[in-house]
Amino acid sequence: MSLKNYALQLKRRIAAVAAIHFEIAAAELPAFEVSPSSEARFGHFACNLAMQLARPLKRNPRQIAEELAERLNIELGEELAAPLAPVGQGFLNLHLSEHLFGEAVNEVLTGASPFQWQAEKPQQINLEYVSANPTGPLLVVNGRAAALGSALASILKAAGHSVTQEYFVNDAGTQVIEFGKSVFRENRDRYREAGWEISDEVYAWGDDGGYAAKTVAEVSESVFQLREETACEKKYTRSAQLFEITDSVIAQLEFQRASLGRFGADFQRFYSEHLLYAPDSRLPYQDVLTSYIFPEMLDIEQVPGPIRDAWHTLKEHGSTFEADGAIWLRTTEYGDDKDRVIIRSNGKPTYLLADIAYHLNKWERLENKDDSGDAPLMIDIWGPDHYGHILPTRAGLMAAGLPEEALEVLIAGWVTFKQGEKVVAMSKRKGNLITLDDLMDEVGVDVARFLFLERSPEAELEFDLEMATEQSSENPAYYVQYAHARICSIFSKALEEGYSEEQLISTELSKIDMAPLFTEDDAGRRQAELLRQLIYYPGVIQSAARGRAPQRLAHYLHHLAGEFHPWYKMVKVLVDDRETALARLALCAALRKLITHGLGLLGLNAPESM
RNA sequence: GCGCCCGUAGCUCAGGGGAUAGAGCAGCGGUCUUCUAAACCGCUGGUCGGUGGUUCGAAUCCACCCGGGCGCGCCA
């Protein structure tokens, strides 16, 4: 039995048998499933083909199932623990032979990467997530996107795809000016106290910065230190304002990167928006701002970067028109409900054009990288306030000649907070927000990640801070991790009790006969159940990848731990009967490997003790 | 008004055509002399928002309605 695609193989064999028996071309067979059985009494896999055939054959599904069962009993032979027989309206439940589980455990214990799936159509995927403005610390919503994106990246890789994780830095919008002003507002008195010369006119520049003191506090401190350390003369001039802006943005990005690293989000690339104006550092960041962002008017033809190329591409495709002094894109031709401005009447590009340029750039990089011929894919994870942006962006990409499926957008749903009974409202302007760093300090990385990941991505999520902190011992993340710690503890104990190191390594345990596990008592039933869950694991990864649904993996692990703990309580692994003990140790070793792997995909640790 | 998301146990949420709808928390009662009690066992808790439809089969798909959230800028 190959653990990884056993269900798929079964399905193919069943399809082949059915096609011959019912004289239907294989391609004409109705869609059917060989899916994990919902309950242990329904065996290991359930097949609904007979029910699906009822309509095309215009026959009773039970009868179809009878005939199918007869054929399959010959085909599957000794792989089945009991002959197939129709159940309910025509289910065929496959009860697998015990010896297959020995093979499965063997594969888990000896395989280099036993859960790594070989995708039928491996894709080059660019996964972009978080991409918060560099104008403040990362917030909890960003944390949700970070958990989601990094877990999804791992899951997609485990499902056989190739994934690049990317972060878009919005460092070329008017917000960065606001941010620089706000930082200056916090720092100007500090400068003066430290003996800096600042004219009243320059001082007033910070008056109307739009960001709250708390939001810019961390960066202000850091920029002030930088000035003190690097200034030739203590004079704050008008031109120093430019550096107040760029240094603030750069410092903020560094803080964000630190938070992301601590949270376990591993990006291969941070793509700065200002590169869309001037790529390959042809112009330093400061010059991009002064040349293209600060001026009131802009001639886009003078912009040397991808943002102009994107405009040209759209124009060449005949998708643009001029009206009211602005350049518009005919997004309505691709399903949008209104056309969109891409170049304002002052010549400056809108965010939509920048976003199109950025995605075209990503797409080019993907195509250059992909030599397999399979369609590459861009997946973006956006905040919930960007729903309205999906249609225009996709329409823009289609207008530039990309296929509709090129971009897939996932929305990370709202996160609200509850402190006991009170709902905590957050506002960026007021500055009473909870940052990702706050959250990590309060509940820890593992708990935060698990709480985010066990929810479906787009649904709203209410985060009960009291529950996550005070009652953290009853947290689902710990519940799964504790299962792992207990298994590790069993192995330590085994060494104390006279088992040798050599005896307990995976390659040795893989040779153990698993037959002692299949007893007729409660212990045997629970052991069979653990093995049943074990063989579903690769399918769970596959399903989580295909559905972009990390919560399926989180729930699976939770459920598996929920099978393990009662068994652990009821059954002693290190019993006197050596054969039973070794079989149970082999089971534990396989479960440990699985849990470590699964937690790893979600970005959680698998601690050896707790 | 148009579009998207959501409505499932007291609370927070899974399940998104399949069999008797699940978990955590909260509540009640038990369990450490035995590999970790961050655990286990038992009990309590549901018209899956409503009404119609499609289907052998609907919490799941479709239509309409009710309720909650968000989006509909020459902002990002």
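Letters A, B, ... are given to chains in the order of the sequence lines, protein chains preceding strands, and every chain is numbered from 1.
Taking only side-chain nitrogens and oxygens, Tyr479(A) comes nearer than 4.0 Å to OP1 or OP2 of C40(B). The phosphate of C4(B) (OP1 or OP2) has no side-chain N or O of Tyr387(A) nearer than 4.0 angstrom. A close approach under 4.0 Å does not occur between any side-chain nitrogen or oxygen of Ser38(A) and OP1 or OP2 of A19(B). Residue Arg344(A) has a polar side-chain atom (N or O) positioned under 4.0 Å from OP1 or OP2 of A76(B). Residue Arg486(A) places at least one side-chain N or O under 4.0 Å from the OP1 or OP2 atom of A37(B). Between Gln551(A) and the phosphate of G15(B), there is a side-chain N or O to OP1/OP2 separation shorter than 4.0 Å. In terms of phosphate contacts, Lys338(A) brings a side-chain nitrogen or oxygen within less than 4.0 Å of OP1 or OP2 of G73(B).
Considering only side-chain atoms of Lys493(A), the nucleotide from G57(B), C5(B), C35(B) that sits closest is C35(B). Here C35(B) is the nucleotide among C35(B), C74(B), C13(B) with the atom lying nearest to any side-chain atom of Ile490(A). Checking G24(B), G57(B), G69(B) against the side-chain heavy atoms of His558(A) singles out G24(B) as nearest. Distances from the side chain of Lys572(A) to the nucleotides C5(B), A19(B), U34(B) place U34(B) closest. For Thr350(A), the side-chain atoms get nearest to C74(B) when compared with the rest of A39(B), C74(B), C56(B).
Within 4.0 Å (heavy atoms only), Arg41(A) reaches at least one base atom of the nucleic acid. Residue-level contact check: Asn93(A) touches the bases, meaning some heavy atom is under 4.0 Å from a base atom. If you check every strand for non-hydrogen atoms under 4.0 Å, His559(A) touches nothing. Here Asp355(A) lies out of heavy-atom contact (under 4.0 Å) with every strand. At the heavy-atom level, Pro61(A) lies nowhere under 4.0 Å from the strands shown. Backbone-only engagement by Leu461(A) is indicated by non-hydrogen atom pairs under 4.0 Å involving sugar-phosphate atoms exclusively. Residue Ala46(A) is in base contact, counting any heavy-atom pair closer than 4.0 Å across all strands shown. Using a 4.0 Å heavy-atom distance criterion, Ala54(A) is classed as making no nucleic acid contact.
What separates OH of Tyr351(A) from P of G73(B) is a distance of 17 Å, to the nearest Å. Straight-line distance from the CE atom of Met51(A) to the P atom of A58(B): 12 Å, rounded to whole Å. Distance Leu557(A) CG to G22(B) P: 21 Å, rounded to the nearest Å. When the P atom of G16(B) is taken as reference, atom CZ of Arg552(A) falls 6 Å away, rounded to whole Å. The CG-C1' distance, from Leu352(A) to C72(B), rounds to 14 Å in whole Å. If you take OH of Tyr482(A) and P of A39(B), they are 7 Å apart, rounded to a whole angstrom. The separation between Glu460(A) atom CD and C4(B) atom C1' is 13 Å, rounded to whole Å.
Using a 3.5 Å distance cut-off with no hydrogens or angles, the side chains of Gln481(A) and Asp446(A) do pair a donor with an acceptor. Gln256(A) and Tyr167(A) form a side-chain donor-acceptor contact under 3.5 Å, judged by distance and modelled atom types alone. A donor-acceptor pair shorter than 3.5 Å can be found between the side chains of Gln533(A) and Glu529(A). Checked by atom type, the side-chain pair Tyr285(A)/Ser272(A) shows no donor-acceptor distance below 3.5 Å. Tyr129(A) and Glu166(A) share no donor-acceptor pair across their side chains, judged by distance under 3.5 Å alone. In this model, a donor atom of one side chain and an acceptor atom of the other lie less than 3.5 Å apart for Arg584(A) and Gln527(A). Side-chain atoms of Ser543(A) and Arg552(A) include a donor-acceptor pair closer than 3.5 Å.
Between Ser456(A) and Ser345(A), the residue anchored closer to the 5' end of RNA chain B is Ser456(A), taking for each the nucleotide with the nearest heavy atom. Residue Arg455(A) is the one, among Arg455(A) and Cys47(A), whose nearest nucleotide of RNA chain B lies closer to the 5' end (criterion: closest heavy atom).
For Gln52(A) against G18(B), a side-chain-to-base donor-acceptor contact under 3.5 Å is present. Between the side chain of Glu454(A) and the base of G24(B) there is no donor-acceptor pair of N/O atoms closer than 3.5 Å.
Pairing partner, U33(B): none, since no Watson-Crick or wobble contact has both distances short of 3.5 Å. U51(B) and A63(B) make up a base pair, with Watson-Crick or G-U wobble contacts both under 3.5 Å. Base pairing of C4(B): its partner is G69(B), meeting the Watson-Crick or G-U wobble criterion (both donor-acceptor distances under 3.5 Å). Partner assigned to G17(B) is none, using Watson-Crick or G-U wobble distances below 3.5 angstrom. The partner of G24(B) is C11(B), by the rule that a Watson-Crick or G-U pair needs both atom distances under 3.5 Å. Across every strand in view, C75(B) sits unpaired, with no contact that passes the Watson-Crick or G-U test at under 3.5 angstrom.
Nucleotides U60(B) and G53(B) place their P atoms 14 Å apart, quoted to the nearest Å. Separating the P atom of A63(B) from that of G3(B) is a span of 11 Å, rounded to the nearest Å. Look at the P atom in both C5(B) and C11(B): the space between them is 25 Å, to the nearest Å. One C1' atom belongs to C48(B), the other to C56(B), and the distance between them is 22 Å to the nearest Å. Nucleotides G24(B) and A38(B) are separated by 14 Å at their C1' atoms, to the nearest Å. G45(B) and U12(B) have their C1' atoms separated by 16 Å, with the value rounded to a whole Å. Nucleotides G42(B) and A19(B) place their C1' atoms 27 Å apart, quoted to the nearest Å. Between C61(B) and G7(B), the two P atoms lie 10 Å apart (nearest whole Å).
Note that Arg578(A) lies in the cation-pi zone of Tyr499(A), set by a 6.0 Å cut-off to the ring centre and a 45° limit from the axis. At least one cation-pi condition fails for Lys362(A) and Tyr271(A): the charged atom is not both under 6.0 angstrom from the six-membered ring centre and inside a 45 degree cone around its axis. Judged by the 6.0 Å and 45° rule, Arg455(A) forms no cation-pi pair with Phe463(A).
Between Phe321(A) and Trp328(A), the angle of the ring planes stays under 30°, which puts this pair in the parallel group of the 30/60° scheme.
Across every non-hydrogen atom of Leu289(A) and Pro295(A), the tightest pair is O-CD, 4.1 Å.
Of the residues in residues 563-570 of chain A, those with a non-hydrogen atom less than 4.0 angstrom from any atom of RNA chain B are His565(A), Pro566(A), Tyr568(A), Lys569(A).
The glycosidic torsion of C32(B) lies within 90° of 0, which places this base in the syn conformation.
Here Phe91(A) does not count as stacked on G18(B), because the ring centres are not under 5.5 angstrom apart with planes under 30°.
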